[in-house]
Amino acid sequence: MAVGEFDLIARYFTRPVRRAVLGVGDDCALLAALPAGQQLAVSSDMLVEGRHFLSTVAPHRLGHKALAVNLSDLAACGAEPLAFTLALAMPRVDETFLEGFAGGLFALADEQGIELVGGDTTAGPLNICITVFGAVPIGQALLRSGARAGDQLWVSGTLGDARLALEAFRGSVSLPGAAFDAVRLRMECPTPRVALGRALRGVATGAIDLSDGLVGDLGHVLARSGVGATLDADALPRSAVLGSLPRALQHECTLAGGDDYELLFSAPPAHERAVIAAAAQAGVAVTKIGFVEATPGLRIVDGRGAALEQRFPAFDHFCSPT
Ligand code: ADP
Ligand code: MG
């Protein structure tokens with residue numbers, strides 16, 4: 001017998017909740033009031049087939065990624081994940097897809113202690129929209145507006161692999177099988193840096209998660225903070241795979257590649273040891289990539305301090321070529 005909307009919700013997206021007061025099944029979910037001194041952090045991210053993911057992605061990875069990109073926004077604010085909702089449009093009920101998708105989604109949800117409390121399900125072109133809710137102590141959220149002249153700029157993990165994978169899919173780069181698998185994993189299964197964001201509260205002055213490319217996302221931080229910066233393109237952390245490719249491609253992928261979901265953050269030099277301790281506590285590498293200055297604008301230099309000429313515009317869904 002055909003699986004209907006409500007069977008589908010019951011079968012794939014209904015699980016008992018522990019933190020929330022009421023989960024899937026009624027007109028609203030009910031979340032417990034936050035403890036005194038905490039603020040609610042809320043963020044939504046939508047994934048559209050052909051735009052945010054390729055039809056070749058395994059459903060399990062897609063479920064992971066849909067939640068990961070949302071958790072990444074909570075991470076960038078230093079918030080602790082609590083609950084999320086899922087609005088899902090899909091052309092038809094495909095149980096193999098749903099099983100894989102829900103498996104990837106709940107594996108990450110369980111790992112991060114976040115609960116699915118509601119959503120909406122409809123027929124339509126494949127489209128996934130998640131809204132996450134998190135908690136952060138009042139006044140301690142890491143904001144884009146917090147960078148100050150004199151701060152150091154840091155980034156977590158490595159940059160550029162997701163972009164490299166996209167280029168390989170497009171056929172503009174050819175990679176050996178194992179290298180392709182490795183960068184494809186970075187594109188399809190990003191790791192949200194939730195523990196790092198939390199550990200950076202009170203240590204970093206500001207943060208953003210890198211979804212649209214380093215240069216563009218750093219531009220948002222600089223504009224919001226009313227400052228400028230110098231970035232060392234040769235200091236940008238990259239994987240062994242990307243590091244073995246031509247230098248211009250490395251710069252393109254690390255500076256302008258999107259979908260990294262690493263944290264970019266600023267901190268005063270006096271906090272350097274605290275930054276390193278926070279990274280160690282979170283179990284992720286961090287790298288110093290530049291510094292914030294009072295002079296507006298972004299200056300990109302190479303390891304010898306010479307200016308790089310290329311332009312690296314931010315990805316824009318309405319303006320960038322796809
Ligand atoms: P309503 O018509 O009142 O909006 P729905 O019939 O759309 O309610 O949904 C029934 C219940 O299932 C609600 O609790 C809703 O939050 C939940 N729900 C619907 N789709 C999803 C989904 N994809 N994931 C989780 N919960 C969902
Ligand atoms: Mg509804």
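Just follow the structure's listing: the first ligand is 1, and inside any ligand the first atom is 1.
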Element-labelled atoms of ligand 1 that are located less than 4.0 Å from some non-hydrogen atom of [X]:
X	result
G25	11 (C), 13 (C), 14 (O)
D26	13 (C), 14 (O)
D27	3 (O)
T121	19 (C), 20 (N), 21 (C), 22 (C), 23 (N)

Would you kindly specify which portion of D120 sits under 4.0 Å from ligand 1, judged on non-hydrogen atoms: side chain, backbone, both or neither? both
Checking heavy atoms under 4.0 Å, the part of T85 that sits near ligand 1 is neither
Below 3.5 angstrom, do we get any N/O pair linking V117 and ligand 1?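 Min N/O separation from ligand 1 is not below 3.5 Å for V117.
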Going by distance only, is there an N or O of V24 that falls short of 3.5 Å from an N or O of ligand 1? no
Does the residue F6 have a heavy-atom contact with ligand 1, meaning some pair of atoms that are separated by less than 4.0 Å? yes
hydrophobic_cluster_shared for L200 and L264, side chain cutoff 4.5 Å: no
K65 side chain to M187 main-chain N or O, any donor-acceptor pair under 3.5 Å?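 Present.
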May I ask you to decide if A66's main-chain N or O and N70's side chain share a donor-acceptor pair within less than 3.5 Å? yes
Assess whether a salt bridge exists between [X] and [Y], defined as any Lys/Arg side-chain N lying under 4.0 Å from an Asp/Glu carboxylate O.
X	Y	answer
R299	D232	no
D302	R304	yes
E95	R11	yes

